[in-house]
J.: 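I'd like to ask you about the structure that follows.
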Amino acid sequence: MRLSPGLEIQIHGSERPGRRARFAKLVANRRTLLVLDGLEPLQNPPGPQEGRLRGASLQALLRELAAFNKGLCVTTKRTAVADLADLAGGSAPRRELEYLSSDFRCNAAAHAGR
């Protein structure tokens with residue numbers, strides 16, 4: 001499956017029944033790179049539920065992709081996804097990235113524009 005650059009899938013409010021399951025099946029059955037950038041607004045803030053995803057549908061999607069996926073799903077966020085903590089040593093590894101200096105970011109942006 002080939003997606004156009006800049007294609008974004010946004011999750012808003014309630015979903016139609018079966019939509020998540022169909023999407024998970026579509027992504028999981030093909031070699032797909034799914035990037036979910038900036039999950040923080042969809043996670044619970046610090047407290048007893050810190051890092052847990054607020055939507056049961058997104059929780060289920062990520063767990064399904066961690067269990068059955070021919071491709072790769074990359075999430076970016078400042079707080080670990082607590083819903084995947086039990087899979088961190090296996091199918092959902094967690095990687096900490098170091099802070100990137102403003103000089104590095106500027107150089108990367110300049111080279112990306114070439």
J.: If you measure only the distance, is there a donor-acceptor pair under 3.5 Å linking the side chains of K77 and T75?
T.: yes
J.: Determine yes or no for a side-chain-to-main-chain donor-acceptor pair under 3.5 angstrom, with R54 supplying the side chain and Q43 the backbone.
T.: yes
J.: Please report the shortest heavy-atom distance between A28 and N69, naming the atom on each side.
T.: CA-OD1, 3.8 Å
J.: Less than 4.5 Å apart, any side-chain heavy atom of L65 and any of V27?
T.: yes
J.: Any donor-acceptor pair under 3.5 Å linking the side chain of E50 with the backbone of N44?
T.: no
J.: So, using salt bridge (charged side-chain N to carboxylate O under 4.0 Å, His left out) as the criterion, who are the partners of R95 when residues are at least two apart?
T.: none
J.: From L62 CG over to L58 CG, what is the distance, rounded to the nearest 0.5 angstrom?
T.: 4.5 Å
J.: Is any side-chain heavy atom of T32 less than 4.5 Å from a side-chain heavy atom of K70?
T.: no
J.: When rounded to the nearest 0.5 angstrom, what distance separates OG1 in T76 from CG in D37?
T.: 3.5 Å
J.: Take L36 and V74 through the test side-chain contact (heavy atoms from CB on, under 4.5 Å) and record every step on the way to the result.
T.: CA-CA 6 Å; L36 301 174; V74 177; over 6 Å; no
J.: At what distance, to the nearest 0.5 angstrom, does CG of L87 lie from CZ of R63?
T.: 4.5 Å
J.: Answer yes or no: is there a donor N or O on one side and an acceptor on the other, between the side chain of S91 and the main chain of A66, under 3.5 Å?
T.: yes
J.: So which heavy atom on P93 is nearest to which on G90, and how close?
T.: CD-O, 3.5 Å
